[in-house]
Each structure stands twice: as structure tokens, then as C-alpha cells.
Asker: 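Below is a structure I'd like to ask you about.
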Amino acid sequence: MQIDLQSLLGSRSAIMKMEQLVSLCKRRGFLFQSSEIYGGLNGFWDYGPLGVELKRNIKEAWWRDMVTSHDDLGVAAGAPGVYAMTGLDCTIIMHPQIWKCSGHYDLFHDYMVDCRQSKKRYRHDQVCGRWVAAKGQRIFATAQEGDEAAEQMERQAMKFFHFRAKDADQMQWDGPVVSLTKVDDFSQVLGPDAKELGTLTEPREFNLMFKTYVGALSGEEGAAFLRPETAQGIFVNFKNVIDSTRFRLPLGIAQVGKSFRNEITPRNFTFRSREFEQMEIEFFCHPSQSAQWYQYWRDRRFAWYTELGLAGQRLRLRDHDPDELSHYSTGTADIEYAFPFLAEGEFGELEGIAHRGDFDLRSHMEGKLDPNTCPLAVETGEDGKPKWRGSGKDLSYRDDLTNERYVPHVIEPSAGADRATLAFLCEAYTVDQAPDEDGKMQERVVMRLHPRLAPIKAAVLPLVKKDGMPELAQEIYRALKRHFNVFYDEKGAVGRRYRRQDEAGTPYCITVDGQTMADRTVTIRDRDSLEQWRVSVDDCVGEIRGRIMG
RNA sequence: GCGGGAGUAACUCAGUGGUAGAGUGCUAGCUUCCCAAGCUGGACGUCGCGGGUUCGAAUCCCGUCUCCCGCUCCA
């Protein structure tokens, strides 16, 4: 009992913390609800003046750390060998066939039926059943597809007719087990978990991809989708990148961009948004080395979050269980964060690192592969032909040193930019104690963002608005502004200005005081420790740069 | 999709049918040589939106949107 109570209190304080964070985000301009003046739009969020800088810094840190600053001449720590990195920027709307071959079309186009009684939801095509008659009534007893479907169907029917086990032979089964898709009239259908007939709704399309129409006058033939992930744009451009550059494998191709999914339940602030931004790498390598590369990327990506401040118990790397994996994948790991809005002990995904084998490239060559086959084979329709035809283009790679030709295997570190932003915000939000002017400890809200990520790198403040301090402070401000996003503030008491910067996550405050006028030194205040030290006016740029770069 | 709660100033909230409030924040001036200080001023509201009842609605009724919580879902 005590444990329950504690976890309840724990989650309540976590919810309160989350509410305070949401409130701060609104108040200070990190995040706003989309279309707010019109009442908002479920699942869409806007980044305000501070938020846009934070998110940009996260994306830029990712791009710099993964792509532009990558040393392709030496072997990175933990890497199996040298490799190259490059980038790409694809369109959001692509050829509709791409989503058929990627598998998104099938997965995102399920028809669902809801049970009004049990409140359960089923995939229309995964409910099967059989006609059965007894006591002068003929019903369609159903169950969810699976090994025990037949027994469950029978149990459902027995319950419905109020039969005991010994009466089972009074039920007359009629015809084979068929899919619910073969039944048009649901009035005589007994849902898999229902006690009465006719509780299932009509099948409704669950269109998890956003549909749009290409061409001003187009009908269904112009139907297309907003991409649900950036990855496919990289796969379909793999040959272009190889042909237009002198890159050799192993090669990683990175992309940052918006993706769109009709989440069923947008919730938890920006965690589950319908329009979101991804930071994805598709890393192409020789099949024999793919397992090592997978390990490398898994560890490398985890370390990236750690270095930027998501250290500690709230971040974890979780390897998927073997039975969670597709058989063609030798590994998938999630980097997860214990968001405050989740229950105690629960984690939410920030990034997935997946070993995808050659599934994607081959699907775009030959036609959509059936992930349940081994070895992978093209999924066929009822006519025996490929269900979804591939491009027919050869996407294999020829190693011009060994002359070996192969379809590369792919490691996919796929990160959510908005989720990372949210995690950094959650991690940064801190309430601590700081002394007021009387030395009394007061509550202080401070966003302890990593200096690299902080929207504003430094604030320049004249201690008082006289004695030439504003003029000198403005001079320093202009010098810094050429290099970083900095903020100038001369209004009001300095303590208030410090606290304002604390809430914005500004790591350093540069203050011009009486001594500055004498010896051209200023104080620099550290956001987290509240320590101050003196630096020459001319060294400010170097001092801030050194500290931001870490 | 279901059930529960909520929506009033930038933020947190009070306001049970009769002139829309408080605290914080914001802002101007004075003061102030280091952490939300003091003094004197100032601005800020279609009470989520739409409709209805009423002489009169933030308040009652209906609809709708959004947020939070619990289910469901999470490829």
C-alpha cells in the first residue's frame, strides 16, 4: 500500500512539474499551442522566440556532431573502421509508390472496427469468425486472428447461447472460418469481446498518413501523402548520392526534416505531435560488418544525449528483446527518457537505432518485401504478382576496390527533434534556492540547458543605468552579437534581470559595474553556480566561446 | 474512440443570475554598485468558441474546440 501511495504522490508531483514547465514554456516563449487564438489544433505546436533557438541549436548540434565535423580520415572511437558522412534534403511529398514499397501504406491504412460494448478496437482484417446456429438463432461468432482463434470463437458462442461444455454439440457450425471482411451486415456479428450482437461499428479507415492531392485539378489519381518519415527519401536517393559523389561505403546519409503522422492520441505536450521533425541517418555498409556498425551507432547516439546533459537515471538505452525484432534485423535499441508526464518507471522514446538489413533498398528495387519471410521475399498479391512493385532500378553497390557488388545493409539511427527538445527542456527545468538581497534564500526557477543548446548564450547588463555603464555594455553587446545570440537588458534591478535570464536558460551574464569603468574588466556570472569572476572586456568573446564549446 | 476534470489578464487562480477581481509578471519614472528590493504611476479581459433561456449570463441549458487525467491505440 505504501508503495502505491508513494508512486501516486510521485506521479502527482511529476504532473505538477510538467504543468509548471508547460506554463513556463508559454510564458517565456519556448512553445505555444498551434493556432491558439482560434482555439488550438490538437497535436500541433509552435516554437516561440526562445523555442526556435533551442530547437535550432539541437538540430545544428546534431548535424555538426554527426555530419560536418565527422573525421572521415581517422577511425572514430569505437567504430569498426573509417566511414564517411554526408547529408540530403528531400521533399515532403514523394511518389506514392514509395510508401507502398516501404510498408507504410499497408500499415497506415488499416480499417478498424470498434466495439461499442467492450470499448476495444480491432483491425478489421484481423478479426475472423464463423457462422454458428443454435436455439433458432444464427450468429457470426468472432475472435481476433491467432493460434487460439477457433477456441475463443467457440467460447464466445457458448457464452452467448448460455451453453455448458456438454452442450457444445447443440451448436451447428456452418462453413469455414472466414475474415470479418467477408461479412457485410454486422447486426448478427458477435464481437470478440462482446456479450451481445451488433456492437461492432462499421469498419473505418485509419489513415495514419496525411493524404493530399498533387495538381490543381486532380482527383484520386493525383493522391499522394505527406511523408511519415524522412528515411525513405534517403533510400530512394541512395543511388543518386553514390553516383554524384566519390563516397565509398561505409557511408552515412543524414537528413533533418518535418514528417507527418495522424497519431491516434496526440498527447503529452509535444511528445506525440502530428507534425514533427526528425533527425535521421541511414548508414550504408557491407552486410558482413553491419552488426559491428549497429553496435557503434547505438553507443554513439546514446553518448550524444549524455554529453548534452541528459545524463543520469532518466535516460536509458533499451535493447529490444529478440522477439520484438523483425527476423531480418540483428538489433534495435531505443534511447528513452523518463518524461515527467509518464508514470513512475516508464520511459518515452527519443530515438530508435535499428539494424534494417537490406529490407529497404531491396523493397525499392524488387517490390515490397514481406518482413515475415526468411530469406526475405517479395510480398505477393492474390494473383501471385508482387503486391507493390518496386522501382526496378538496381540499388546495389559495387566496391571499386574489390569489385564486389552487394546490396548494402542499413543501420538507422532515427531521432525525434521535438522529442529531444522536450527532453532537454524537462531535464533543464530546475527549482532551486538562491539568496535575495538580504541574503534570505528564495525559490529560483532555472533552465539548466547545456550552453551549446541554450537559446541565448549571454546577457549583457549594466549594473545601473548611469555613469556610462549602458554605453560600455552596449559596446560589449555589439561585439558579442557578431558571434552569438546575446541579449542586452538595462531595465530595472540587476537581480531581476539575472532571474529572467535564469528562466530563459542563459548560461552567462556579463555585468558592467563601477570597476569596469576603471580597469575595463566585467563580471561573468554562471547561471548554475551563481559564481562570478572578472574578465577583461576584450576577452569576453573568447571567454564565452570557450565555455560554450566546452 | 470511451469515461472523468478543466478553460476568466502574459502566468497562477478567485468570482453560484445584477458594474469582471487578486497575486505574480509586464511597463514608465525615481532610487539602487550584484541576485525576483523600495516608492510613485501605467497598460492589459470578445470570461475558449457558437447558439439558447432571461429584463439581465463568466455564472443556467445545448452544441463545439482545446488542455489535463484514466482507458484504448502506439505502425
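First the proteins, then the strands, lettered A, B, ... as listed; each starts at 1.
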Asker: Could you check whether A:Asn262 gets within reach of a base, just the sugar-phosphate, or nothing at all, counting any heavy atom under 4.0 Å?
Answerer: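 Nothing, no nucleic acid heavy atom in range.
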Asker: What pairs of residues pass the salt bridge (Lys or Arg N to Asp or Glu O under 4.0 Å) test when at least one of them lies in residues 511-526 of chain A, not counting sequence neighbours?
Answerer: A:Glu475-A:Arg520, A:Asp502-A:Arg525, A:Asp513-A:Arg534, A:Arg520-A:Asp538
Asker: Which base, if any, makes a Watson-Crick or G-U wobble pair with B:G70, both distances under 3.5 Å?
Answerer: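 B:C2 is the nucleotide pairing with B:G70.
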Asker: Is the distance between the ring centroids of A:Phe271 and A:Phe269 under 6.0 Å?
Answerer: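 Centroid separation for A:Phe271 and A:Phe269: 6.0 Å or greater.
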Asker: Can you tell me the base-pairing partner of B:G18? Count Watson-Crick or G-U wobble geometry only, both distances below 3.5 Å, and say none if there is no partner.
Answerer: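 Pair assignment: B:G18 / B:C55.
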Asker: Want to settle it: does A:Gly103 or A:Arg28 sit nearer the 5' end of RNA chain B, counting the closest nucleotide to each?
Answerer: A:Arg28
Asker: Is A:Gly43 touching bases, backbone alone, or none of the nucleic acid, heavy atoms closer than 4.0 Å?
Answerer: sugar-phosphate
Asker: Can you build the contact string for nucleotides 23-34 of chain B? Use B for base contact, S for sugar-phosphate-only contact, and - for no protein heavy atom under 4.0 Å.
Answerer: --SSSSS--BBB
Asker: Checking A:Asp319 now: which residues fulfil side chain to side chain donor-acceptor pair (under 3.5 Å) with it, not counting sequence neighbours?
Answerer: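 Side chain to side chain donor-acceptor pair (under 3.5 Å) check on A:Asp319 returns A:Arg298.
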Asker: Could you check whether A:Leu530 gets within reach of a base, just the sugar-phosphate, or nothing at all, counting any heavy atom under 4.0 Å?
Answerer: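 Base contact.
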Asker: 5'-most contact on RNA chain B: A:Asp502 or A:Ser23, nearest heavy atom basis?
Answerer: A:Ser23
Asker: Answer with base, sugar-phosphate or nothing: what part of the nucleic acid does A:Glu531 contact at a heavy-atom distance below 4.0 Å?
Answerer: nothing
Asker: When the distance from CD of A:Glu443 to C1' of B:U12 is rounded to whole Å, what number comes out?
Answerer: 13 Å
Asker: For A:Phe235 and A:His364, take the angle between the two ring planes, folded into 0 to 90°, and tell me which bin it lands in: parallel under 30, tilted 30 to 60, perpendicular over 60.
Answerer: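 Correct class here is tilted.
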Asker: Can you tell me how far the CG atom of A:Leu361 sits from the CD atom of A:Glu366, to the nearest 0.5 Å?
Answerer: 10.5 Å
Asker: Identify whether any heavy atom of A:Phe269 sits under 4.0 Å from a base atom; if not, whether one sits that close to sugar-phosphate; answer base, sugar-phosphate or nothing.
Answerer: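 Answer is sugar-phosphate: A:Phe269 comes under 4.0 Å of backbone atoms only.
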Asker: In the strands shown, is B:G29 matched to any nucleotide by a Watson-Crick or G-U wobble pair with both distances under 3.5 Å, and which?
Answerer: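 Across any shown strand, B:G29 pairs with B:C39.
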Asker: Can you tell which of B:G70, B:C35, B:U66 lies closest to the side chain of A:Arg267?
Answerer: B:G70
Asker: So which nucleotide does B:C47 pair with, by the Watson-Crick or G-U wobble rule with both distances under 3.5 Å?
Answerer: none
Asker: Given 3.5 Å as the limit, does a donor-acceptor pair link the side chain of A:Arg227 with the main chain of A:Thr91, or not?
Answerer: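 Answer holds: yes.
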Asker: Going by the angle between their ring planes, with limits at 30° and 60°, are A:Phe341 and A:Phe339 parallel, tilted or perpendicular?
Answerer: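 Judged by the thresholds at 30° and 60°, the geometry between A:Phe341 and A:Phe339 is parallel.
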